[in-house]
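Below is one structure; the comments refer to it alone.
A, B, ... follow the sequence lines: proteins, then strands. Residue 1 opens every chain.
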Amino acid sequence: MSTAVVEKKKRELKDYEKKWTLWGRIKDNKASYLFLLPYYVLFVMFTIVPVIISVYYSFTYYNILEAPQFIGWDNYLNLFLHDDVFILAIQNTFIFAIITGPLGYLAAFVFAWFINELPPKIRAIMILIFYAPTISGQVYMVWSIMFSGDSYGWINGVLMNWGITNTAIQWTTDTKYMMFVCIVVALWSSLGAGFLSHVAGLQGIDKELYEAGYVDGISNRWQELWYITLPSMKPQLLFAAVMSITSSFGAADIMTAMCGFPSTDYAVHTIVNHLQDYGDVRFEMGYASAIAVLLFAVCLGLNRLIQNLLKKVGT
Amino acid sequence: MARKAKEPKIKEEKVTKIGGKFVHRRKPNRSVGGDVAIIVMLIVVGIFMLLPFVYAISNSVKPMDELFAFPPRFFARNPTLDNFSDLFIIMSESWVPFSRYIFNTAFITACGTLGHLLLASMAAFALAKHEFPGKNFLFTAVIWALMFPATVTYIPNYLILSGLGWLDTYLALIVPAFASTMGLFLMKQFMEGLPTALCESARIDGANEFRVYWSIAMPNVKPAWLTLIIFSFQSLWNTTGGVYVFSEQLKTLPYALNQILAGGVARQGAGSAVAVFIMIVPIVMFMLTESNVVETMASSGIK
C-alpha cells in the first residue's frame, strides 16, 4: 500500500519535472534538438562565433602571423581620428545606401504594386523581367562593358552619336560620374528578394478588405494603398526592408566590378571595400575587424529603427 | 492550398458577361489615365531591366570586327557562335580548361544546395512544428543574422576555415552554405502554415518524428523547398570563391568572367558569352518555379 503511494508520488514528481523544470523539458524534447543540431552547429560555427571573434579582434592588433595583442579602443580611435579614407568610405556608403536603400525599396514596392494589377499571365512575365537582374547575379559585369570609358562603350557611343557629348566620358574613372554609375547598376540589380516579398504580400491580401473599403468610401488608389494595402502587408514590408538595408550597406562588389579596386581617388570606396582592403591586402585583421563590428552595429541599429517606423504605417 | 482555391474566384470578378460578350470589368477606384501611366512606366523600366541581358546576348554573337566598330552597334549584324566555341578552344590551351570552371561552379552549387535544403528544412521543421525551450531564441538569432551583410564575418570565417584545414578546397565554399539563413527563415515561415493535425495523425499511426518530417511535412511544402533551392542556387552559382579558394583549378565561373572582362575590349565577345551562360541557368530555373516562389514569399513576412 505504502509503496504504491510512493510510486505514485514519484510518478507525479516525474511528470512535474517533465512539464515544469527546464532540464526536464529539454530532455523531453530530445528529438527536436536532434533536428536542429546539424544546422545550428554550422550556424554557430560560421555566423555566431565569427561575430564574437570579430568583436574580440577589434580590440587587438592582429596580423595573422603573430598572436593578437590587446590594444583597447585604439583601432576605433584610429578609424575615426586618423583614417581619412575610412571617413570617406562612411560618406560614400551612406550616400550610396541612402539613395539605393529607400529608392530601391520604394521602386521594388511600386513596381510590385503596378505589376499586381496586371492579368496573371503578363504578371508572371513582368515578375521574371524585374527579378532577372537579381537572380543572374554577376551579370552586372555587363554594365562595365556598356559604361566602358573608351569610344567602344555603347553608352558613350550613343551619347556621341546623338551629339550630347563629343568626347568619350570616363564613366568609371572620372570621380564626377563613378557614384552615379554604381547607383544605376545597384538599382538595376537590387530589386531582389524584397521585390518578390512585396509581390507575394500584395497577392495575399484578402480581396474582401477592398470591397469593404469601397463601401466605406475609399475613393482612389492612393487611399486604398495607405488604408488597406500597406497595413495588410506589414510583415512583408519589414522583410523587404531588412533585405534592402543589408544589401545596400554590404555593397562592395558592384564598386569593384565597375570602378576597380581601389577606385580612383576612393570615389566609390565603401565600408566593405575598406574592410577588404585591410583584411585581404594589408592583413591588419584587428583593424579590419573593428570596421566589421561598426558595420554590424550600424546595420542592426538601422534595422531596429526601420522596424519601429514601419509599425506606424497606415495609422 | 487555401490560397490556390481563391484564384478562380478573382477571375470571375474581373470578367463579367454583358449582352453576350465578356467584358473586362474595371476595378472601382481606378482612373484610365492612371492605368495608362502605369503601363507606360512599366514598359520603360522593363526595357531598362532587360537592356544588359539583350546587350550581353547580342555581344556574345558579334564577330570581332563588330566589337571594335565605331559607333558601337547594339545588335549584331552577322551573328556568329565563334565566341562560345572560342571559350572552349582558346581557353583550354591558355589556362585551366574552361570546362573546369563550369564543373567547379556546378559541383559547388549542387552540393551546397542539397546540404542546405536538408539541414535547413530539418531545423525549420522542428522550429515550426515542435514546442521546446529555447525555440524563440534560436529563431530570433537567425532573424538577426539576416540583418547584416555576410561580409561582416568573412575574416573570422577565413580563420575558422583555415583552422579546419578547409581553405583552398571545395569544402570552404560548400559547408558554410549549408547554414545560410535565408533558406531556414523562409522554410520555417512556410511550415508554420502546415496543419498540425496532419503531423499529429501520422504520429498516432506510429510514425517516428523523422518519418513525419520526411513523408508528411516535406512533400507538403514543395513551394518552400523549391524557393530555398532557387535562393541557394542563386547565391552559390554566383560565388567567385573570394579569398577562400586560391588554386586556379578550384576557381568558379563568375571568377572566370571577371578575369576575362579584365582583358579589355578584345575579350568582350568571350566575356559576354560567359555572362550569357551564367545568367541563362538561374533564369530558366526561376521561370520554371516562379509561381511556387511567389507562394512561398507570401509567408516570408517578419512579424
Side-chain angles (χ1 to χ4, degrees), chain A residues 22 25-26 29 31-32 35-36 38-39 42-43 46-47 50-51 53-54 114 124 127-130 132-133 135-139 141-143 145-146 151-152 154 157 161 196-197 199-200 204 214 220-221 224 235-236 238-239 242 246 249-250 272 279-280 285 288-289 292 295-296 299-300 303, chain B residues 10 28-30 34 38 42 46 49-50 52-53 55-56 68 70-72 74 119-120 122-123 125-126 130 132-133 138 145-149 151-153 155-157 160 176 178-179 184 209 234 238 243 254 257 261 265 268 275 278-279 282-283 286-287 290 293-294 297-298 300-303:
Chain A
L22 183 63
R25 284 167 62 212
I26 289 175
N29 288 294
S32 309
F35 272 100
L36 295 173
Y39 179 88
L42 293 178
F43 177 69
F46 294 111
T47 305
V51 168
I53 296 183
S54 282
F114 288 174
I127 292 173
L128 180 67
I129 291 176
F130 277 76
I135 199 151
S136 59
Q138 294 283 329
V139 172
M141 302 286 296
V142 174
W143 283 100
I145 308 179
M146 295 173 72
S151 47
Y152 302 118
W154 179 70
N161 215 8
L196 284 186
S197 186
V199 168
Y214 308 144
N220 60 45
R221 65 178 99 209
E224 187 185 289
Q236 278 84 10
L238 188 54
F239 176 76
V242 168
T246 313
F249 276 89
V272 173
D280 302 347
M285 298 308 191
S289 295
L295 185 63
F296 175 75
C299 284
L300 289 192
N303 270 300
Chain B
I10 301 162
N29 301 343
R30 293 290 184 274
I38 282 172
L42 279 178
M49 299 311 262
L50 279 179
F53 294 103
Y55 189 73
F68 283 101
F70 183 83
F74 195 85
L119 266 56
M122 272 170 68
F125 173 68
H130 292 172
F132 54 89
L138 287 171
L146 279 175
M147 292 183 185
F148 57 87
T151 358
V152 163
T153 56
I155 289 173
N157 266 338
I160 289 171
F178 288 178
L184 175 85
E209 270 317 289
Q234 170 194 353
N238 287 306
V243 290
L257 173 64
L261 286 183
V265 67
Q268 271 188 27
I278 292 183
M279 75 198 194
I283 288 178
F286 180 70
M287 222 145 65
E290 189 181 311
V293 175
V294 171
M297 294 308 280
S300 72
I302 300 174
K303 280 158 205 153

Residues Phe46(A), Ile160(B); criterion side-chain contact (heavy atoms from CB on, under 4.5 Å); working and verdict: CA-CA 8 Å; Phe46(A) 294 111; Ile160(B) 289 171; 4.2 Å; yes

Among the listed options Met287(B), Met279(B), Met49(B), the residue most often paired with chain A at heavy-atom distances under 4.5 Å: Met49(B)

Side chain to side chain donor-acceptor pair (under 3.5 Å) against Glu209(B), all qualifying residues, sequence neighbours excluded: His130(B), Arg203(B)

Worked check of side-chain contact (heavy atoms from CB on, under 4.5 Å) between Leu42(B) and Phe130(A): CA-CA 10 Å; Leu42(B) 279 178; Phe130(A) 277 76; 3.9 Å; yes

Closest non-hydrogen atom pair, Met297(B) against Ala200(A): C-CB, 3.4 Å

Side-chain heavy-atom pair Leu138(B), Leu36(A) within 4.5 angstrom cut-off: yes

Those residues that, when tested against Ser289(A), pass side chain to side chain donor-acceptor pair (under 3.5 Å) (two or more places apart): none

Heavy-atom side-chain contact between Phe43(A) and Leu184(B) under 4.5 Å: no

Under 3.5 Å: donor-acceptor pair, side chain of Thr246(A), backbone of Leu146(B): yes

Backbone of Ala298(B) reached by a side-chain donor or acceptor of Gln236(A) within 3.5 Å: yes

Residues Tyr39(A), Phe178(B); criterion ring-ring contact (aromatic ring centres under 6.0 Å, His included); working and verdict: CA-CA 7 Å; Tyr39(A) 179 88; Phe178(B) 288 178; 10.0 Å; no

Which of Leu196(A), Val199(A), Val272(A), Ile26(A) touches chain B most, by non-hydrogen pairs under 4.5 Å: Leu196(A)

Verdict with reasoning, Phe249(A) to Thr151(B), per side-chain contact (heavy atoms from CB on, under 4.5 Å): CA-CA 10 Å; Phe249(A) 276 89; Thr151(B) 358; over 6 Å; no

Leu295(A) vs Pro149(B) side-chain heavy atoms within contact, under 4.5 Å: yes

Shortest non-hydrogen contact between Ile127(A) and Glu290(B), atoms and distance: CB-OE2, 3.5 Å

Region of Phe132(B) that comes under 4.5 Å of a non-hydrogen atom in chain A: both

Option that, when pairs with chain A are counted at under 4.5 Å, heavy atom only, ranks first among Leu257(B), Ile283(B), Asn238(B): Asn238(B)

Closest-packed option against chain A by number of heavy-atom pairs under 4.5 Å, given Val294(B), Ile278(B), Val293(B), Val243(B): Val294(B)

Spacing of Leu300(A) atom CG and Phe148(B) atom CZ [to the nearest 0.5 Å]: 7.0 Å

Atom group of Val51(A) that falls short of 4.5 Å from chain B, counting heavy atoms: both

Most chain B-contacting option - heavy-atom pairs closer than 4.5 Å, from Ser32(A), Ala292(A), Cys299(A), Gly250(A): Ser32(A)

Side chain to side chain contact (heavy atoms under 4.5 Å, CB included) partner of Pro50(A), chosen from Ile155(B), Thr153(B), Val152(B): Thr153(B)

